[in-house]
Amino acid sequence: MEKSLKDKNKTARTAYLFISPFFLLYAVFGLFPMLFSFYLAFFKWNGLSEMTFVGMENFNFIFTDPIFYEAIKNTFIIGLLGTAPQIIVGILLAFALNSTLIKFRNTFRTMIFLPYVTSIVAVAIIFGVIFSNQEAGFINYILSFFDIEPINWNIQNWPVKITISIMVFWRWVGYNTIIFLAGMQSIPNALYEAAKIDGATVWQQIRLITIPMLKPTITFVVFTATIGALQLFTEPLVFLGRNLRQEGITMVAYLWKDAFVYNAFGSASAAAIVLFFIIIIFTGINLLLTNRIGRTKKVR
């Protein structure tokens with residue numbers, strides 16, 4: 001009995017030893033920066049000089065800064081335009097790739113997933129050419145056939161948001177498609193066969209079988225997509241450059257600019273805390289909404 005207990009303790013210590021690198025790295029690069037941000041939000045610091053306690057001054061600064069509210073608005077608009085369509089399209093693409101009607105399914109799966117692993121620099125170059133402000137730009141050239149004047153895609157308010165949203169959609173729809181496809185492959189084919197025998201259309205199969213059975217997967221994708229949308233940074237930066245004008249600046253881009261352009265780490269930390277609580281609120285809202293998926297009304 002005593003020997004068996006010692007063996008169990010030895011096995012447990014070995015297991016903890018193997019998983020300890022993750023927790024150590026997370027503590028150093030994840031937990032400590034997060035806690036330090038909460039501490040730094042109440043200080044004025046440029047990264048080199050001594051920190052000066054200023055209380056709520058950093059929060060007062062960002063809450064009176066109109067660009068901060070513009071960043072919040074841009075984050076929600078771009079997040080909604082880029083995230084909601086990719087979830088819907090991802091489910092439809094996954095359903096198509098999971099069916100037996102499409103040939104060369106593995107080839108299509110690889111092609112759909114390629115944008116996710118493509119270098120963001122290459123993506124910026126491609127979209128810079130497609131959405132060029134010049135008349136010879138790809139989109140402007142197509143619009144010229146409809147007698148539409150050339151659009152300044154990286155200057156005007158809504159064109160900037162639309163372009164960044166399309167970039168987000170293009171990069172992430174393949175990733176979500178693969179996640180949905182993995183969830184669909186766990187759904188028994190017998191359910192679809194029975195639905196076909198009963199005369200169910202494709203849309204009825206998706207609505208009554210696929211979506212309710214994909215509830216855990218949809219919950220995961222909605223969570224990650226929402227958090228990713230609220231933390232949007234790379235796409236606006238590579239499309240607009242370091243200037244990050246207010247037409248396309250997001251919350252993470254705002255705090256990054258405060259910290260690494262203006263060297264105002266205190267106000268940047270305050271903005272990060274506000275973003276942290278916004279993410280928590282929207283995560284809770286998403287949990288309430290996704291819990292309703294697949295529920296059936298009780299018949300009295």
Side-chain angles (χ1 to χ4, degrees), residues 75-118 120 123 126-127 161-232 234-235 279 281-297:
T75 301
F76 286 118
I77 292 175
I78 295 173
L80 182 62
L81 293 177
T83 301
Q86 69 180 252
I87 294 176
I88 298 173
V89 174
I91 293 177
L92 297 177
L93 288 175
F95 183 84
L97 293 174
N98 193 47
S99 67
T100 57
L101 300 177
I102 296 181
K103 298 180 180 179
F104 309 109
R105 285 180 293 174
N106 291 333
T107 303
F108 283 111
R109 291 171 186 174
T110 303
M111 293 174 61
I112 289 173
F113 192 71
L114 276 179
Y116 175 72
V117 297
T118 303
I120 187 62
V123 174
I126 293 171
F127 275 82
K161 294 178 175 59
I162 292 172
T163 304
I164 296 175
S165 300
I166 294 174
M167 191 184 302
V168 172
F169 173 85
W170 186 80
R171 284 195 68 204
W172 290 95
V173 68
Y175 172 83
N176 289 331
T177 299
I178 297 301
I179 298 297
F180 285 131
L181 180 61
M184 288 183 186
Q185 289 178 343
S186 63
I187 300 176
N189 289 328
L191 296 178
Y192 292 108
E193 293 174 358
K196 291 177 183 178
I197 294 174
D198 291 338
T201 63
V202 173
W203 170 242
Q204 289 175 329
Q205 294 176 39
I206 295 175
R207 184 170 59 89
L208 300 176
I209 299 176
T210 304
I211 293 179
M213 297 293 290
L214 277 181
K215 180 179 177 180
T217 307
I218 294 175
T219 301
F220 170 77
V221 170
V222 169
F223 280 2
T224 55
T226 301
I227 294 173
L230 294 175
Q231 294 180 340
L232 187 63
T234 307
E235 286 81 359
I279 291 175
I281 292 171
F282 274 84
T283 301
I285 294 173
N286 282 335
L287 181 62
L288 293 176
L289 294 177
T290 52
N291 279 339
R292 298 176 180 271
I293 297 176
R295 286 185 178 180
T296 56
K297 295 182 179 180

Review point. Angle class for the Phe127/Trp170 ring planes (parallel below 30°, perpendicular above 60°, tilted otherwise)?
Key: perpendicular
**Study point:** Atom pair OH/CD1 of Tyr192 and Ile197 - distance to nearest 0.5 Å
**Key:** 15.0 Å
Check your understanding: In Å and rounded to the nearest 0.5 Å, what is the OG1 to NZ distance from Thr75 to Lys161?
Key -> 10.0 Å
**Study point:** Summary of salt bridge (charged side-chain N to carboxylate O under 4.0 Å, His left out) pairs that have at least one residue in residues 170-198, sequence neighbours excluded
**Key:** Arg171-Glu235
**Study point:** Student check: side-chain heavy atoms of Leu232 and Ile164 closer than 4.5 Å
**Key:** yes
Exercise for review: Nearest 0.5 Å please: distance from the CG atom of Leu93 over to the CZ atom of Arg109.
Suggested key: 12.0 Å
Check your understanding: Looking only at atom types and distance, does a side-chain atom of Thr224 sit under 3.5 Å from a main-chain N or O of Val221, one as donor and one as acceptor?
Key -> yes
Side-chain donor-acceptor pairs under 3.5 Å in residues 173-189, sequence neighbours left out?
residue, atom, partner, partner atom, Å
Asn176, ND2, Gln86, OE1, 2.5
Thr177, OG1, Val173, O, 2.7
Ser186, OG, Gly183, O, 2.6

Practice item. State, to 0.1 Å, how close Gly79 and Ala229 come at their nearest heavy-atom pair, and which atoms those are. Key: CA-CB, 3.7 Å
Check your understanding: Quick one: does Thr226's side chain get under 4.5 Å of Thr283's, heavy atoms only?
Key -> no
**Study point:** Side-chain touch Ile218/Ile91, heavy atoms, less than 4.5 angstrom
**Key:** yes
Check your understanding: Just wondering, more than 12 heavy atoms not from Phe108 lying within 6.0 Å of its CZ?
Key -> no
Revision key, fill the gap. Note: Leu80 and Pro85 closest approach over all heavy atoms is O-CD, 3.5 Å
Practice item. State the CZ-CD1 distance between Phe223 and Ile279, to the nearest 0.5 angstrom. Key: 13.0 Å
Check your understanding: What are the two closest non-hydrogen atoms of Ala195 and Gln205, and how far apart are they?
Key -> CB-CG, 4.2 Å
**Study point:** Val123 side chain near Ile120 side chain, heavy-atom distance below 4.5 Å
**Key:** yes
Practice item. Output the distance between atom CZ (Phe282) and atom CZ (Phe76), rounded to the nearest 0.5 Å. Key: 3.5 Å
